[in-house]
Amino acid sequence: MLLRPLPVALLAVLAALSASAQAPTSPLGPISPTTGLVLRDDVVRALIQESSGDRIHDSVQRLSLIARDSLEGYTEAAAWTKAAAEAAGLQDVRLEAMKEGPQWRATHGELWVAGPHRYRVTSYADQPMALASGSGSFEGKDLELVDVGLGTQDADYAGKDVKGKVVLSRGHLAATLRNAVVKFGAVGVVSSYSTPPWNEAHRMDGDFPDQVGWAAVPRRLIPQGMRTPFLFMVSDRQGRELRAQLREGPVKVDVSVATQEPTGHLSIVSGVIPGTLAGEEIVLTGHLDHYKPGANDNASGSATLLELVRTYTTLIRRGVLPPPVRALRVLWLPEFEGTREWFAHHGADPVRRVAHFNFDMLGASLTRSHSRFFISYTPDWNGSFVNAVSESTVAFMNRFNGVAYPPRKDFRIGSVTGSQDPLDAHMERYSRGSDHQLFNDHGIPGVAFSTWPDDGYHTSGDRPENVDPTQLHRTAFAGLASITVAAWAEGTGALELARLVAVHGVKRTAEDEFRARRDLAGTPAAQLPGLVRLARAAVRTGYQRERDALRSCQALGAPAEPVKAMIKTLENAESQALKRLEADAKTRGVSLKEPAPSEAERRARAFVPRRVKGQELASFDELQLPAVPGSQARMDTVKAAMTAAAAALREQGESELRFYQLADAVASYADGQRSVAGIRDAAYAEYGYVIPVDALLELFGLLEQGGIMTRGR
């Protein structure tokens, strides 16, 4: 049959309709009654079904073969990651050279028991972790091995001559090296130590007798001109074997270590998924460096970033997702050091960095490693929409993955080769310990995805077989769901996001009020007058955090008037919460009148610290002060206060990572608006502990003296 051609105008209309039907719409929508997310249900399914924990695990296995704590190893890993990122569809992928400097490398390292039955104890070639990074070269035969127990105190060396000998220890490495080598003249150390202080709540030396700890020789402890010692790391079982031999008689060891420090540089792998809105981006990071195998820490985070990129580029290419509104900047870098250098080069870029997502230690098997999956909130002073987005994601994942065989298979997040472990994910108050802390210190709201604790943390037990593809898939989805909201929100979608923030803000401020009123109820009457002010501050800080989170939605394009109405609702709720708190105080017979301030309190109210521009990432622990009389005593005062705070928080059941580098966490509150007294109150709201104002005055005074802080609003 002969068909007549259609009119040109009709063809144009049909073409327009076809294009409209095919063009992907925003992935955001109203809060889903099914998922509780502001993502459309079909987008949620697409993110789950396209992403793969099995693919991530393949990359984890590949990266785990590389010793990424050496120049050659890191360079190999960076080159592989760059090629994999390009294959995944990331654009403008480049290696950004970091600054040149000495780079430690080992070419040989062996420890032998000399006789009578000569055998090799350990070897760098077989296990790179056996030789601590930074070890010096050494050749020696028939060296006497001396057991010094912990090796951390002078008493451990009483009656023992270790000069020119090798010590066998099981205590903290810095203290052992300071005593054995610097003070008493040993040429090197063999250590079975494996538990960092922040992991002591989860494991003790000896719990895992065949794991070897990861270590580095702290060069700052070695006086200038002194030969750098060697440090061999052995397992607890090997250490006990050597001690058993020593009980039978003298033990001699042969040591052969060859190391170099060539000049070179590490590199940052950087790439982008372009956005349609110029000048705004979301930053994704995972640290690429670490020991071999380093599967969970942090081959898992580096590999997950690759899968996030592949998932996004695939869904965009298929038309399931439109291009993001904001560019996704993806960075693989050395932990802390690489982030600091990236900010040094890019901190002043004409780009508004809306949010940051950090991926570090993601895939530990929850059952085999006695771990759990969590996402951290931003600090209270850096309130953002990312908290509500992360919280809603965790709630959704738990609801549909809390049993081994969930009935909703479309919302099941698992992997073909992974476990059937039920999920029990958590949101946790802000803690430091990875690169997200540096982004927050720079004012960019950052959250961290992690599994913690991990039985293999910083040991040879951190192997691919202890990483679960199902857990990798779940973390990948958590990242995808959160990042999608941050990168695609605009206009109506940003308004729906604001509504999500308002809903979750009700929950968080209620928790803040609960903690404040509980503390009032549980405090002896004699201590209540001072606590009332702090309880008020805790409530006010929570409401201010949620107002800031709502304003962050307005910055994404949410209409001003509805957001202002939500903020007004928060202000009314805050007023009611404060009245309830004050009523509680009155029932205890406590006067609401503020007591007369002490001299230290008056000084604290008058001192308004502000971080000096360019010093956003400066650390108290690295503070170098001129030889001003009294400086050391002031430093000791601050350190003693932070040690006391850590001990109290530990007693309260807080995670060690919550108060990691606590002085820097407190210093991050300095915004030129809060006084030192206000910072004390805000830190109480965050941590539930009162740091003495005298110590805070010394902290900010020292930071001012060191050029990190200045004064004034």
Side-chain angles (χ1 to χ4, degrees), residues 70 102 104-116 118-194 212-236 238-247 249-261:
S70 68
W104 180 86
R105 60 174 297 214
T107 57
H108 179 72
E110 291 189 348
L111 174 68
W112 292 72
V113 167
R118 190 170 188 267
Y119 70 93
R120 186 171 59 197
V121 178
T122 192
S123 162
Y124 175 79
D126 294 339
Q127 182 164 268
M129 294 177 73
L131 185 64
S133 299
S135 290
S137 295
F138 189 87
E139 293 288 337
K141 289 184 177 295
D142 291 325
L143 301 167
E144 186 175 344
L145 184 67
V146 181
D147 181 15
V148 295
L150 289 175
T152 58
Q153 305 291 330
D154 286 357
D156 296 328
Y157 299 84
K160 300 174 182 177
D161 176 18
V162 301
K163 187 172 183 179
K165 301 174 184 178
V166 179
V167 302
L168 173 65
S169 78
R170 53 186 174 82
H172 190 273
L173 297 169
T176 299
L177 287 166
R178 187 185 298 112
N179 282 281
V181 175
V182 178
K183 184 179 285 189
F184 296 114
V187 294
V189 174
V190 178
S191 175
S192 59
Y193 178 79
S194 67
V212 176
W214 182 49
V217 174
R219 297 294 186 89
R220 68 185 184 281
L221 299 179
I222 311 303
Q224 190 171 5
M226 177 180 281
R227 182 192 61 80
T228 303
F230 62 84
L231 172 58
F232 277 105
M233 302 299 297
V234 297
S235 70
D236 176 69
Q238 289 174 305
R240 285 189 280 113
E241 286 180 350
L242 289 170
R243 289 185 181 91
Q245 287 184 256
L246 282 166
R247 286 194 292 271
V251 173
K252 300 290 184 72
V253 294
D254 296 342
V255 175
S256 178
V257 178
T259 63
Q260 302 171 350
E261 287 195 353

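Keep in mind the model is a prediction, meaning the values are calculated, not measured. Counting from 1, the numbers follow the sequence of the chain as shown. Note: hydrogens, waters and symmetry copies are ignored here, and every other heavy atom, side chains too, is used.
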Go through the structure and list residues passing side chain to side chain contact (heavy atoms under 4.5 Å, CB included) with Arg243, not counting sequence neighbours. Asp147, Leu168, Arg170, Ser192, Arg247

Salt bridge present between Arg120 and Glu110 (N-O < 4.0 angstrom): yes

Lys/Arg-Asp/Glu bridge criterion (N-O < 4.0 Å) met for Arg219, Glu261: yes

Side chain to side chain contact (heavy atoms under 4.5 Å, CB included) between Phe230 and Val166, worked out: CA-CA 9 Å; Phe230 62 84; Val166 179; 3.8 Å; yes

Nearest-0.5 Å distance that lies between atom [atom1] in [X] and atom [atom2] in [Y]:
| X | Y | atom1 | atom2 | result |
| --- | --- | --- | --- | --- |
| Thr176 | Leu150 | OG1 | CG | 7.5 Å |
| Arg227 | Ser137 | CZ | OG | 9.5 Å |
| Thr152 | Tyr157 | OG1 | OH | 7.5 Å |
| Leu143 | Lys141 | CG | NZ | 9.5 Å |
| Ser191 | Met233 | OG | CE | 4.0 Å |
| Lys183 | Leu221 | NZ | CG | 12.5 Å |

Determine, step by step, whether Thr259 and Arg105 satisfy the side chain to side chain contact (heavy atoms under 4.5 Å, CB included) criterion, reporting the C-alpha distance in whole Å, the side-chain angles of both residues, the deciding distance to 0.1 Å, and the verdict. CA-CA 6 Å; Thr259 63; Arg105 60 174 297 214; over 6 Å; no

Side-chain heavy-atom pair [X], [Y] within 4.5 angstrom cut-off:
| X | Y | answer |
| --- | --- | --- |
| Ser133 | Val217 | no |
| Phe184 | Asp154 | yes |
| Leu145 | Leu246 | yes |

Would you say the rings of Tyr124 and His108 are close, in the sense that their centroids are separated by under 6.0 Å? no

Do [X] side-chain atoms and [Y] backbone N/O form a donor-acceptor pair below 3.5 Å?
| X | Y | result |
| --- | --- | --- |
| Gln238 | Val121 | yes |
| Thr107 | Ala258 | yes |
| Trp104 | Ser135 | yes |
| Asp156 | Gln153 | yes |

Before you tell me yes or no, could you show the steps for Val190 and Val167 under side chain to side chain contact (heavy atoms under 4.5 Å, CB included), namely the whole-Å CA-CA distance, both residues' side-chain angles and the distance that decides it to 0.1 Å? CA-CA 6 Å; Val190 178; Val167 302; over 6 Å; no

At their closest point, which heavy atom of [X] faces which heavy atom of [Y], and how far apart are they?
| X | Y | result |
| --- | --- | --- |
| Ala180 | Val189 | CB-CG2, 4.4 Å |
| Gly188 | Pro229 | CA-CB, 4.4 Å |
| Gly164 | Val187 | CA-CG1, 3.7 Å |
| Asp254 | Asp142 | OD1-N, 2.9 Å |
| Ser169 | Val148 | CB-CG2, 3.9 Å |
| Ser235 | Val212 | N-CG2, 3.8 Å |

How far apart are the C-alpha atoms of Val182 and Leu177, what are their side-chain angles, what is the distance that settles it, and do they pass the side chain to side chain contact (heavy atoms under 4.5 Å, CB included) test? CA-CA 7 Å; Val182 178; Leu177 287 166; 6.0 Å; no

